[in-house]
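Structure record follows, encoded as structure tokens.
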Amino acid sequence: MEETQGEYCVSDPPEYDFNRQGNHRTGVTGLKKRGHVSRSWIKIDQDGNSEVVTLDKATIMRDCSLPSRDLRLLDPMFIYPSSILGREMAIVVNLEQIRCIITADEVILMNSLDGTVGRYRSQLCNRLRKEKSDDLPFEFRALELALELTCTSLDAQVNELEMEIYPVLDELASSISTLLLERVRRFKGHLLALTQRVQKVRDEIEHLMDDDGDMAEMCLTEKRRRSDAYPSSDCNLSRTSSGKVISKSDPTSPEQSVSGLQMLRRTFSSSIGNSSKYGSTTSSSDNGERIQPLEMLLEAYFIVIDNTLNTLSSLKEYIDDTEDFLNIKLGNIQNLLIKFEMLLTAATMVAAIFAAVTGVFGMNFKTSVFDYSSGFNWVMVITGIGCVALYFSLLSYFRYKKVLPE
């Protein structure tokens, strides 16, 4: 760098360049600090003990072997749709207000003032302390509670919306008003947003049920048990590209940075997730036995969330039916107004004819009609009878053309 500067630069750089570089370094440092902001988390272990800790993103990524993109799903500054991701050493859960990382022996829950987070913490601790003989692994029990609270919360919101919107729709069907129409419009927007949230949770559960590989990734306890049962002699050996077997415990070995436990977990996940790909009947059967508890768990809550979605669909259909009824009602009123306008127009035309005749004969001009004392009265009577006959003729014509009802 010095030779390059000596060759191409004649004078020293200006002072503002140093200031710009200093500002750039400050910005980079600030960016790094923002990227490693510590947040408040709640740790819950297998015995039901919980504590509030402060962890940064790098620590969580290192301890749980998670990429940074998974932690973005848990960032409260952003709004992401509901998702459940199975990783090598953890399950990333983002269900409504519950955002947590589930490992084989603990839950790292995003600390929040929301009531759902508090209920998840208290109920999970109580279940872990009272139901220690549960057949489900720890990660499945934590996931089950997250699904339960999410489905319960969404179902409660749907029931609340249902209780509010049905009376408004019934009142709107009997009497149309701008205030009621505005309330229905707000309810319909809320219904659409709630339907999207419920649909996303349902799709996420259905996606997990359809993919055995994703469910196998979530069997953290089983992967740890198999990793612990792996022979230690095999874990301490590796083969180089030249075919020479060397020990990973050797400090001079270039492969010592590779963790045998991590390799075993990857091998176990790959063998479970890709069993159908290789067509092994025995491996597929073994895979089905491992994921069967998780599949039954997901199926139970899929039924619950699907029922909630059906309720929302019924509510939307009821709103659409009410809108159709209102359109028919308004169309009928509009038709009545058109008919009334038609009758009024015919009456106005007849009255105009009578007024024209009256005005003509009311002028001072010489005619034989005025030779009689009652001549003008007879003109008015005859004109009136003619106008009435013309009006009823128009009505008969309209009924003949079926413009007016019989």
With a 4.5 Å limit on heavy-atom distance, are the side chains of [X] and [Y] in contact?
| X | Y | answer |
| --- | --- | --- |
| Ile108 | Cys64 | yes |
| Gln157 | Arg197 | yes |
| Ser50 | Arg121 | yes |
| Cys387 | Thr383 | yes |
| Ile101 | Val93 | no |
| Thr54 | Trp41 | no |
| Leu298 | Met215 | yes |
| Met349 | Tyr391 | no |

[atom1] of [X]: more than 12 outside heavy atoms within 6.0 angstrom?
| X | atom1 | result |
| --- | --- | --- |
| Glu182 | CD | yes |
| Tyr166 | OH | yes |
| Lys316 | NZ | no |
| Tyr80 | OH | yes |

Over all atoms of both residues, closest heavy-atom pair of [X] and [Y]:
| X | Y | value |
| --- | --- | --- |
| Leu73 | Ser83 | CD1-OG, 3.7 Å |
| Leu74 | Cys100 | CD2-N, 3.9 Å |
| Leu180 | Ser175 | CD1-O, 3.5 Å |
| Pro81 | Asn94 | O-ND2, 3.3 Å |
| Met209 | Phe302 | SD-CB, 3.9 Å |
| Leu172 | Ser177 | CD1-N, 4.1 Å |

### Task
Could you please spell out the steps behind the salt bridge (charged side-chain N to carboxylate O under 4.0 Å, His left out) verdict for Lys188 and Glu323?
CA-CA 11 Å; Lys188 194 171 183 180; Glu323 290 180 349; 3.0 Å; yes
With distance as the sole test, does [X] use its side chain to make a donor-acceptor pair with the main-chain N or O of [Y] at under 3.5 Å?
| X | Y | answer |
| --- | --- | --- |
| Ser65 | Met61 | no |
| Asn126 | Ser122 | yes |
| Lys200 | Thr195 | no |
| Arg99 | Met110 | no |
| Ser153 | Leu149 | no |
| Gln97 | Thr150 | no |
| Thr59 | Leu55 | no |
| Lys130 | Cys125 | no |
| Arg127 | Gly48 | no |
| Tyr120 | Ala142 | yes |

### Message
Apply side chain to side chain contact (heavy atoms under 4.5 Å, CB included) to residues Phe354 and Thr358 and explain how you reach the verdict.
### Response
CA-CA 6 Å; Phe354 182 80; Thr358 305; 3.7 Å; yes
With no hydrogens and no angle check, just 3.5 Å: does a side-chain donor-acceptor pair link [X] and [Y]?
| X | Y | answer |
| --- | --- | --- |
| Thr103 | Asp105 | yes |
| Ser38 | Asp56 | no |
| Thr221 | Arg224 | no |

### Residue from Asp203, Leu154, Asp306, Asp155 passing side-chain contact (heavy atoms from CB on, under 4.5 Å) with Val198
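For Val198, the side-chain contact (heavy atoms from CB on, under 4.5 Å) check succeeds only for Leu154.
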### Residue among Glu139, Arg87, Arg225 satisfying side-chain contact (heavy atoms from CB on, under 4.5 Å) with Leu220
Glu139
Distance, nearest 0.5 Å, that separates [atom1] of [X] from [atom2] of [Y]:
| X | Y | atom1 | atom2 | result |
| --- | --- | --- | --- | --- |
| Leu394 | Arg399 | CG | CZ | 11.5 Å |
| Ile102 | Met89 | CD1 | CE | 14.5 Å |
| Leu337 | Leu330 | CG | CG | 10.5 Å |
| Glu162 | Glu164 | CD | CD | 11.0 Å |
| Thr308 | Leu194 | OG1 | CG | 9.0 Å |
| Glu299 | Gln292 | CD | CD | 10.5 Å |

### Message
Let's go through Glu217 and Lys223 carefully: what are the C-alpha distance in whole Å and the side-chain angles of both, what is the deciding distance for salt bridge (charged side-chain N to carboxylate O under 4.0 Å, His left out) to 0.1 Å, and is it a yes or a no?
### Response
CA-CA 9 Å; Glu217 284 285 348; Lys223 288 193 287 186; 3.4 Å; yes
### Query
So Ile165 and Tyr318, side chain to side chain contact (heavy atoms under 4.5 Å, CB included) or not? Walk me through it.
CA-CA 10 Å; Ile165 199 170; Tyr318 191 83; over 6 Å; no
### Full working for side chain to side chain contact (heavy atoms under 4.5 Å, CB included) between Arg39 and Asp75
CA-CA 10 Å; Arg39 299 187 183 277; Asp75 196 336; 3.3 Å; yes
### Task
Apply the test side chain to side chain donor-acceptor pair (under 3.5 Å) to residues Thr116 and Asp114: give CA-CA distance (whole Å), side-chain angles for both, the deciding distance (0.1 Å), then the verdict.
CA-CA 5 Å; Thr116 306; Asp114 190 84; 3.0 Å; yes
### Query
Could you go step by step and tell me if Ile176 and Leu326 meet the side chain to side chain contact (heavy atoms under 4.5 Å, CB included) rule?
CA-CA 8 Å; Ile176 303 175; Leu326 292 179; 3.7 Å; yes
